[in-house]
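See below for the structure under consideration.
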Amino acid sequence: MSDSTQYDLIVIGAGSGGVRLARMSAQKGAKVAVVESRYLGGTCVNVGCVPKKLFVYGAHVSEELDDASGYGWQVPKDQIRFEWPTLVANKNAEIERLNGVYQRLLINSGVTIIEGSAALVDANTVEVAGQRYEAAQITVATGSWPVVPDLPGAEFILTSNEMFYLPQLPRHAVVWGGGYIAVEFAGILAGLGVDTTLIYRGDLFLRGFDHDVRHFMVDEMKKKGVRLKFGSTIESVESEGGHYLVHLSDGSTLTTGLVMAATGRRALTDGLGLEALGVELEPSGHIRVDEHFRTAVPSISALGDVIGTPQLTPIALAQAMVLSRRLFGDGEGEMDYNNIPTAVFCQPNIGTVGLTEAEARDKGYEVTIYRSEFKPMKYVLTGRDERCLMKLVVDSESDRVLGAHMVGPDAGEITQGLAVAIKSGATKAQFDSTIGIHPTSAEEFVTMREPVR
């Protein structure tokens, strides 16, 4: 075998984690190749975080236009026209630009890009389109893929992947699920004028988020026009004259122009041949790894969504940095999954970091809760009925802030700053001694003085 097909590291998957691992390892002097069968940048860049947030921005414009008159701007309603194909085309152009950015990052780092689907021949050999490549180390970073439950009419149900390329918007839509993706797309569709119903099997969506946040979002989403139907699930879907008839578990039916499932994602390991080599999988289908991302096969590692850790791009990036140091650096560094900040780009946004109130109590903390609810200043002149929620969970004994939670405009931006404080172990007294920036919503986090419980 020629030197051109021998590498120190082959990364399977050019998503956020795979690209970061390949680049950082190459910069440390390793000879690296990355294999990708679809698109550079993975889910986040192509059918995830980036296009989703662009759609959220687009959906929010309708509210900005509605609010304009409160600030003296006269926007004739009969002259407002939304063009869905324009939004999709502009989004596609931006994604294409980002694909090019990722390609240049890899090439400029000295990484070889191999296009095609990978299969593992043995613990040190990858085959792509009939060509074999050897490597001392192989890392699987193939991510995850949305799943449509197996039910009659499943072929009529779309996932988030297809939603980014719809040829046109329907008049009515059903979104099925209760996590990040479901509530975000329900908000996007409603904001773009689609009559939207969100269906979730449980009593309350956004499982894992703070109880107050979850309840607060029920009222706010209803104000946005999203119909919420809890305690029910889809049993079948029929195509009926250009529309779909959705049969629910409570015996009711809905007629709609689109059905989207956001009910879960599976690890994307198809065709890799992992189990034949002795790589173990979890019951969930994720690749089993230790704290250093090693599988049961010493030369094969894995990171990102495919190993079942929280499916967030920054986590995959951090894992890649740790793994690169272990493989080709000083071997130092560990992943810390505590106090990971996150945002849900529903409307209004959710931002959260640290423990929820329930988690803190379950861990044995005696907690003091600070909570504030108010109308953002931006809406004082517009009459918009939107509220903001801010909440701090504090350890009563040490005064350390255990968690911060927010629903409101720019919640993600605000929470990122709070994450630094909470990661550093800031106390409520330190929050209180911090001078607020006035007038902002964010200052509420340093001016809440009276506990609610």
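Numbers here simply count residues along the sequence, with the first being 1. Quick caveat: nothing in here was measured; it's all calculated off a predicted structure.
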Take S144 and Q311, measure what side-chain hydrogen bond (donor to acceptor under 3.5 Å, both in side chains) needs, and give me the verdict at the end. CA-CA 9 Å; S144 62; Q311 296 186 21; 3.3 Å; yes
Start with the C-alpha distance between Q319 and T309, add both sets of side-chain angles, then the distance that settles side-chain hydrogen bond (donor to acceptor under 3.5 Å, both in side chains), and finish with yes or no. CA-CA 10 Å; Q319 291 173 341; T309 46; 3.0 Å; yes
Under the criterion side chain to side chain contact (heavy atoms under 4.5 Å, CB included), I'd like the reasoning laid out for E94 against L54: C-alpha separation, chi angles, the key distance, then a yes or no. CA-CA 10 Å; E94 172 60 10; L54 292 174; 4.2 Å; yes
Test F374 against L389 for side chain to side chain contact (heavy atoms under 4.5 Å, CB included), laying out the working first. CA-CA 7 Å; F374 56 92; L389 169 71; over 6 Å; no
Criterion salt bridge (charged side-chain N to carboxylate O under 4.0 Å, His left out) on D66 and K77, from CA distance to verdict: CA-CA 9 Å; D66 285 342; K77 300 293 184 183; 2.8 Å; yes
Between D385 and K222, is a salt bridge (charged side-chain N to carboxylate O under 4.0 Å, His left out) present by the stated rule, with each step listed? CA-CA 11 Å; D385 184 17; K222 286 180 178 178; over 6 Å; no
Chi angles and distances behind the salt bridge (charged side-chain N to carboxylate O under 4.0 Å, His left out) call for K375, E386: CA-CA 6 Å; K375 176 180 284 192; E386 182 175 310; over 6 Å; no
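Contact annotation: the side chain of E334 never approaches that of V322 to less than 4.5 Å [non-hydrogen atoms, C-beta and beyond]. Two residues are said to be in side-chain contact when any heavy atoms from C-beta on lie closer than 4.5 Å; H172 and V194 fail this criterion. Under the 4.5 Å side-chain criterion, counting only non-hydrogen atoms from C-beta, R214 is not in contact with D210. Two residues are said to be in side-chain contact when any heavy atoms from C-beta on lie closer than 4.5 Å; L303 and T139 meet this criterion. Using a 4.5 Å heavy-atom threshold, the side chains of I369 and V393 count as touching. Side-chain contact between M163 and L189 is present, with at least one heavy-atom pair separated by less than 4.5 Å. Side-chain contact between P283 and R288 is present, with heavy atoms from C-beta onward closer than 4.5 Å. Counting only heavy atoms from C-beta outward, the side chains of L392 and M448 approach each other to under 4.5 Å.
Side chain of H405 to main chain of L355: a donor-acceptor pair is present (N/O by atom type, distance under 3.5 Å, no hydrogens or angles). In this structure a side-chain-to-backbone donor-acceptor pair under 3.5 Å is present from N99 to L40. Without hydrogens or angle criteria, D290 side chain to F293 main chain gives a donor-acceptor distance under 3.5 Å. A donor-acceptor contact shorter than 3.5 Å is absent between the side chain of S372 and the backbone of M390. Judged by distance alone, the side chain of S62 and the main-chain N or O of A59 form a donor-acceptor pair under 3.5 Å. With E36 contributing its side chain and A14 its backbone, the two residues share a donor-acceptor pair below 3.5 Å. Not one N or O on the side chain of S424 forms a donor-acceptor pair closer than 3.5 Å with the backbone of A426. No donor-acceptor pair under 3.5 Å is formed between the side chain of E63 and the backbone N or O of H60. Side-chain atoms of R449 come within 3.5 Å of backbone N or O of V446 as a donor-acceptor pair. The backbone N or O of A320 lies less than 3.5 Å from no partner atom in the side chain of R20, so there is not a single donor-acceptor pair.
In summary, the aromatic rings of W176 and F185 are positioned with their centroids too far apart to meet the 6.0 Å limit. Between F205 and Y200, the ring centre distance reaches or exceeds 6.0 Å.
Remark: K428 qualifies as a cation-pi partner of Y370 under the 6.0 Å distance and 45° angle criteria applied to the six-membered ring. Both the sub-6.0 Å distance and the 45° axial angle are satisfied by K91 relative to the ring of Y165.
Shown are I181, V174, I157, L166; of these, the side-chain contact (heavy atoms from CB on, under 4.5 Å) with M260 is made only by I181. Applying the side-chain contact (heavy atoms from CB on, under 4.5 Å) test between L245 and each of L254, V237, T255 identifies T255 as the sole match.
A salt bridge between D67 and K378 is absent, with no side-chain N of the basic residue lying under 4.0 Å from a carboxylate O of the acidic one. Using a 4.0 Å cut-off between charged nitrogen and carboxylate oxygen, R171 and D195 do not count as a salt-bridge pair. For the pair E373 and R371, the salt-bridge criterion is met [side-chain N within less than 4.0 Å of a carboxylate O]. A salt bridge does not link D395 with R361: every distance from a Lys NZ or Arg NE/NH1/NH2 to an Asp or Glu carboxylate oxygen is 4.0 Å or more.
Within 6.0 Å of NZ in K223 there are more than 12 heavy atoms belonging to other residues, nucleotides or ligands. Counting non-hydrogen atoms of neighbouring residues, nucleotides and ligands closer than 6.0 angstrom, the CD atom of E443 exceeds 12 such neighbours. Counting heavy atoms of neighbouring residues, nucleotides and ligands inside a 6.0 Å radius, atom CG of D150 does not exceed 12 of them. Within 6.0 Å of the CZ atom in R294, the count of heavy atoms belonging to other residues, nucleotides or ligands exceeds 12. The environment of CD in E450 is sparse: at most 12 heavy-atom neighbours from other residues, nucleotides or ligands sit within 6.0 Å. Counting heavy atoms of neighbouring residues, nucleotides and ligands inside a 6.0 Å radius, atom CZ of R201 does not exceed 12 of them. Under a cut-off of 6.0 angstrom, the local environment of CD in E64 is crowded, with over 12 non-hydrogen atoms contributed by other residues, nucleotides or ligands. A 6.0 Å sphere centred on CG of D203 holds no more than 12 heavy atoms belonging to other residues, nucleotides or ligands.
Closest of all the heavy-atom pairs between A118 and L272 is O-CD2, 3.4 Å. Minimum interatomic distance between V306 and A302 (heavy atoms only, all atoms of both residues): CG1-CB, 4.2 Å. Counting all heavy atoms, side chain and backbone alike, S232 lies closest to L248 at OG-CB, 3.5 Å. The heavy-atom pair separating T253 from H247 by the smallest distance is CG2-ND1, 3.5 Å. Minimum interatomic distance between L198 and A182 (heavy atoms only, all atoms of both residues): CD1-CB, 3.9 Å. Taking all atoms of both residues into account, the shortest heavy-atom contact from P149 to A261 is CD-CB, 4.4 Å.
Residue I307 holds its CD1 atom at 10.0 Å from CD of E282, rounded to the nearest 0.5 Å. With values rounded to the nearest 0.5 angstrom, T159 atom OG1 is found 9.5 Å from F164 atom CZ. Annotation: the span from N349 atom CG to D410 atom CG amounts to 7.0 Å, rounded to 0.5 Å. Interatomic distance, OG1 of T356 versus CZ of F209, reported as 10.5 Å (0.5 Å rounding). Between atom NZ of residue K53 and atom SG of residue C44 there is a gap of 11.0 Å, rounded to the nearest 0.5 Å. Here I350 contributes atom CD1 and Y180 contributes atom OH; the two are 9.0 Å apart, rounded to the nearest 0.5 Å.
Under 3.5 Å, the side chains of T233 and S249 contain no donor-acceptor pair of N or O atoms.
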